[in-house]
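Because only heavy atoms are used, hydrogens play no part in the values below, and waters and symmetry mates are left out as well, while side chains stay in.
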Amino acid sequence: MTDRITLRVTRYRPESETEPTAQEYEIPLRKEWAILDGLNHIKDHLDGTLSYRWSCRMGVCGSCGMTVNGEPKLTCATFLEDYAPGPIRVEPLSNFPVVRDLVVDIGDFMRKLPQIKPWLIRSEQEPPAENEYPQLPAEREEYERFSMCINCMLCYAACPVYGLDQEFLGPAAIALAQRYNLDSRDQGASERMDVLSAAEGIWACTFVGECSAVCPKDVDPAGAIQRYKFTAAMESLKTLLLPRGAR
């Protein structure tokens, strides 16, 4: 096996280009190197003008999401050796405006996030006598999976619905809403319902499942969406069938 590999990196410099182009860089092929290490090698030794996001290098911050050979990946957890002999295409995440090179604008997600009120809501303002809300392990397990989201945006890049209609609330936002809806300490599910049950909320999802397939933390946003569809349907039935006082 050769000890070098080529990264074919998308470049876009808006001050001088109208369309993205591809540029090839030959880098060392080392067993322990992730694609992010390869990009850092380019930045440090070959081309200091290359722009991309990264932070923790540990699969926690979600900053380094990019498209690798057509698939949304965390580049800190995707290894060069798995793509040998190359070349490896490294492109920005799909479905987002490109700011520069591999950097995308996630402002749409950040604007939508507050709509689902991703915090604990209590209708009872006074804390309990012991100043805490006890929670059993089984109650924590109800929402734990959905709490693992790192906002890497891979699910949005993989979602064909979001690609066609960016009014769609999106997989990560809905999964995060479920994280709080299923928390035994939260009392805000009814406040989130109008947003989640809107046409651009859960009902826009066609259950392709790509969001869950690419999620690096196994959050299963597709499962969160389908679970909430059942909840919303049951609430609608209650509204139709039950007297107001019995809902």
Heavy-atom closest pair, residues Ser212 and Gly223: OG-N, 4.2 Å

Leu50 reachable from Leu46 in the ILVMFWY side-chain graph, under 4.5 Å edges: yes

Ring geometry between Tyr156 and Phe109 (parallel below 30°, tilted from 30 to 60°, perpendicular above 60°): perpendicular

Residue pair Ile5, Glu81: steps toward the side-chain contact (heavy atoms from CB on, under 4.5 Å) verdict: CA-CA 9 Å; Ile5 194 166; Glu81 192 176 51; over 6 Å; no

ILVMFWY cluster, Phe146 and Leu136 together (side-chain gap under 4.5 Å): no

Whether Ser184 side chain and Gln135 backbone form a donor-acceptor pair below 3.5 Å: no

Joint cluster assignment, Ile174 & Met193, ILVMFWY side-chain distance < 4.5 Å: yes

Short side-chain donor-acceptor distance under 3.5 Å, Thr6 and Glu24: no

Side-chain donor-acceptor contact under 3.5 Å, Gln23 with Tyr25: yes

Contacts of type side-chain contact (heavy atoms from CB on, under 4.5 Å), residue Thr49, not counting sequence neighbours: Arg11, Asp47

Linked, directly or transitively: Val214 and Ile35 (ILVMFWY side chains, under 4.5 Å): no

From OG (Ser63) to CG (Asn151), nearest 0.5 Å: 10.0 Å

Parallel, tilted or perpendicular: rings of Trp33 and His41 (30°, 60°): tilted

Close side-chain approach of Leu182 and Arg227, heavy atoms under 4.5 Å: yes

Asn40 and Tyr52, any side-chain heavy atoms less than 4.5 Å apart: yes

NZ/NE/NH1/NH2 to OD/OE distance under 4.0 Å, Arg100 and Glu17: no

Val99 versus Val104, closest heavy-atom pair with distance: CG2-C, 3.9 Å

Heavy-atom side-chain proximity of Tyr12 to Pro92 below 4.5 angstrom: no

Side-chain touch Pro28/Arg4, heavy atoms, less than 4.5 angstrom: yes

Non-hydrogen atoms of Leu176 and Pro118 that approach each other most closely: CD2-CB, 3.5 Å

Backbone of Ser123 reached by a side-chain donor or acceptor of Gln187 within 3.5 Å: yes

Greater than 12 external heavy atoms within 6.0 Å of Glu19's CD: no

Nearest heavy atoms of Pro72 and Leu93, plus distance in Å: CB-CD2, 4.2 Å

Value rounded to 0.5 Å, distance of CZ in Phe79 from CG in Leu36: 10.5 Å

Cys159 versus Asn95, closest heavy-atom pair with distance: O-ND2, 3.4 Å

N/O donor-acceptor pair under 3.5 Å between Asn69 side chain and Ile88 backbone: no

Residue pair Lys229, Gln226: steps toward the side-chain contact (heavy atoms from CB on, under 4.5 Å) verdict: CA-CA 5 Å; Lys229 282 182 178 179; Gln226 299 313 303; 3.6 Å; yes

Backbone of Thr67 reached by a side-chain donor or acceptor of Lys73 within 3.5 Å: no

Pair Leu39-Leu102, side-chain contact (heavy atoms from CB on, under 4.5 Å): steps then yes or no: CA-CA 10 Å; Leu39 293 173; Leu102 301 168; 4.2 Å; yes

Nearest non-hydrogen partners of Gly59 and Leu74, listed with the distance: CA-CD1, 4.1 Å

Side chain proximity check, Lys117 to Tyr180, heavy atoms < 4.5 angstrom: no

Under the side-chain contact (heavy atoms from CB on, under 4.5 Å) test, residues paired with Ser190 that sit two or more places apart: none

Tyr162 side chain to Asp108 side chain, donor-acceptor N/O pair below 3.5 angstrom: yes

Verify same cluster id: Tyr143, Leu113 (apolar side-chain graph, 4.5 Å): no

Lys217 side chain to Ser147 backbone, donor-acceptor under 3.5 Å: no

Glu200, CD: over 12 other non-hydrogen atoms inside 6.0 angstrom: yes

Within-4.5 Å side-chain heavy-atom neighbours: Gln178 and Arg192: no

side-chain contact (heavy atoms from CB on, under 4.5 Å) evaluation trace for Ile27 with His45: CA-CA 10 Å; Ile27 63 170; His45 301 286; over 6 Å; no

Test item: Val9 and Asp101 side chains (from C-beta on) under 4.5 Å apart, heavy atoms: no

Note, Val161 side chain near Val208 side chain (heavy atom, < 4.5 Å): no

